[in-house]
Amino acid sequence: AQLGAHANAGFYAALLLLGVVWTIPIHLSTAMLTLDGGDSTHFDHGLSVTLRLSGAVSVLTAVGAPVVARPVLAIFGPGYEQARYCLIALATCTFASAVKSIYIPVRRAQGALSKAALAVTLGAGLEVAGAELGLKLGGVTGVGVGLGAAMVLEALCFWPAIRRAR
């Protein structure tokens with residue numbers, strides 16, 4: 001299955017918009033790589049701040065997306081609005097995206113970076129499979145739902161390691 005030109009463009013516009021939001025937790029996670037995993041107080045504080053800020057960004061994104069999806073996508077041109085439900089579905093997965101980003105520095109601090117790399121690589125394959133299944137079942141909205149479901153599943157698998165680090 002393939003998306004038509006407008007649906008494909010809409011998907012990438014939605015992904016572009018969410019990428020701007022997802023950059024916040026990604027950069028917070030990148031900053032965590034500078035924290036000394038051996039200094040548990042310092043690392044715990046950095047992790048706590050990262051989780052709180054990522055949570056706040058996630059709530060704002062999930063609440064705001066249904067309101068702004070259509071008008072913001074319409075800025076790109078006619079036909080882009082058909083990706084609004086895709087944008088909304090992926091916006092609700094912002095915290096799952098953050099968990100994926102936070103997982104790497106946490107596992108690095110735990111001395112398990114190679115295991116984390118394998119897990120994240122397998123997760124990327126799961127995301128591709130979820131997006132493909134979603135495409136076959138529901139077009140551009142299905143891509144968002146399938147990709148989002150894969151991200152949530154990854155986050156559920158990664159969360160125990162983050163929880164142990166707190």
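Values below: every heavy atom of this structure, side chains too, minus hydrogens, waters and symmetry copies.
- Smallest separation of non-hydrogen atoms from Leu90 and Gly148: CD2-N, 3.9 Å.
- The hydrophobic clustering, which links ILVMFWY residues whose side-chain heavy atoms are closer than 4.5 Å, places Met32 and Val57 apart.
- Taking both residues in full, the closest heavy atoms of Ala150 and Leu126 are given as CB-O, 3.6 Å, listed atom of the first, atom of the second, then distance.
- Listed by chain and residue number, Tyr103 satisfy the ring-ring contact (aromatic ring centres under 6.0 Å, His included) test with Phe158 (two or more places apart in sequence, or in another chain).
- Under the side-chain hydrogen bond (donor to acceptor under 3.5 Å, both in side chains) criterion, the residue pairs touching residues 87-100 are Trp22-Thr94, Lys100-Glu127, with sequence neighbours excluded.
- Applying the side-chain hydrogen bond (donor to acceptor under 3.5 Å, both in side chains) rule to pairs touching residues 154-166 yields nothing, sequence neighbours excluded.
- For the residue pair Ile26 and Ser101, the shortest heavy atom distance occurs at CG1-OG, 3.4 Å.
- The cluster map of Ile, Leu, Val, Met, Phe, Trp and Tyr, joined by side-chain heavy atoms under 4.5 Å apart, puts Leu51 and Leu35 in the same cluster.
- To the nearest 0.5 Å, atoms OG1 (Thr23) and CG (Leu28) are separated by 10.5 Å.
- For the pair Gln82 (side chain) and Gly10 (backbone), a donor-acceptor distance under 3.5 Å is absent.
- The number of heavy atoms from other shown groups lying within 6.0 Å of CZ (Phe95) is above 12.
- For Glu132 (side chain) and Gly130 (main-chain N/O), no donor-acceptor pair under 3.5 Å exists by modelled atom type.
- For Tyr80, the ring-ring contact (aromatic ring centres under 6.0 Å, His included) partners are Phe76, not counting sequence neighbours.
- Scanning for side chain to side chain contact (heavy atoms under 4.5 Å, CB included) contacts around Val145 gives Ala89, Thr141, with sequence neighbours left out.
- Here the side chains of Leu17 and Val21 are not in contact, with every heavy-atom distance at 4.5 Å or above.
- Residues Gly139 and Leu3 come closest through the heavy atom pair C-CD2, 3.8 Å.
- Residue pairs meeting the side-chain hydrogen bond (donor to acceptor under 3.5 Å, both in side chains) criterion with at least one partner in residues 29-50, sequence neighbours excluded, are Ser48-Arg52.
- The side-chain heavy atoms of Val106 and Phe43, taken from C-beta on, include a pair separated by under 4.5 Å.
- Across every non-hydrogen atom of Leu87 and Ala69, the tightest pair is CD2-CB, 4.0 Å.
- For the pair Ser54/Ile102, a side-chain contact is recorded, criterion being any heavy-atom separation below 4.5 Å from C-beta on.
- Arg107 contributes no side-chain N or O that, together with a main-chain N or O of Ala161, makes up a donor-acceptor pair within less than 3.5 Å.
- A 4.5 Å side-chain heavy-atom check between Leu118 and Lys115 finds every atom pair outside the cut-off.
- No continuous path of ILVMFWY side-chain contacts below 4.5 Å connects Ile88 to Leu73, so the two sit in separate hydrophobic clusters.
- Contact between Leu47 and Ala165 at its shortest, heavy atoms only, is CD2-CB, 3.9 Å.
- Under a hydrophobic clustering in which Ile, Leu, Val, Met, Phe, Trp and Tyr are joined whenever their side-chain heavy atoms come within less than 4.5 Å, directly or via other members, Ile162 and Leu53 fall into different clusters.
- For the pair Val140 and Asn8, the minimum side-chain heavy-atom distance is 4.5 Å or more.
- Cluster membership for Leu16 and Val68, using ILVMFWY side-chain heavy atoms within less than 4.5 angstrom, is shared.
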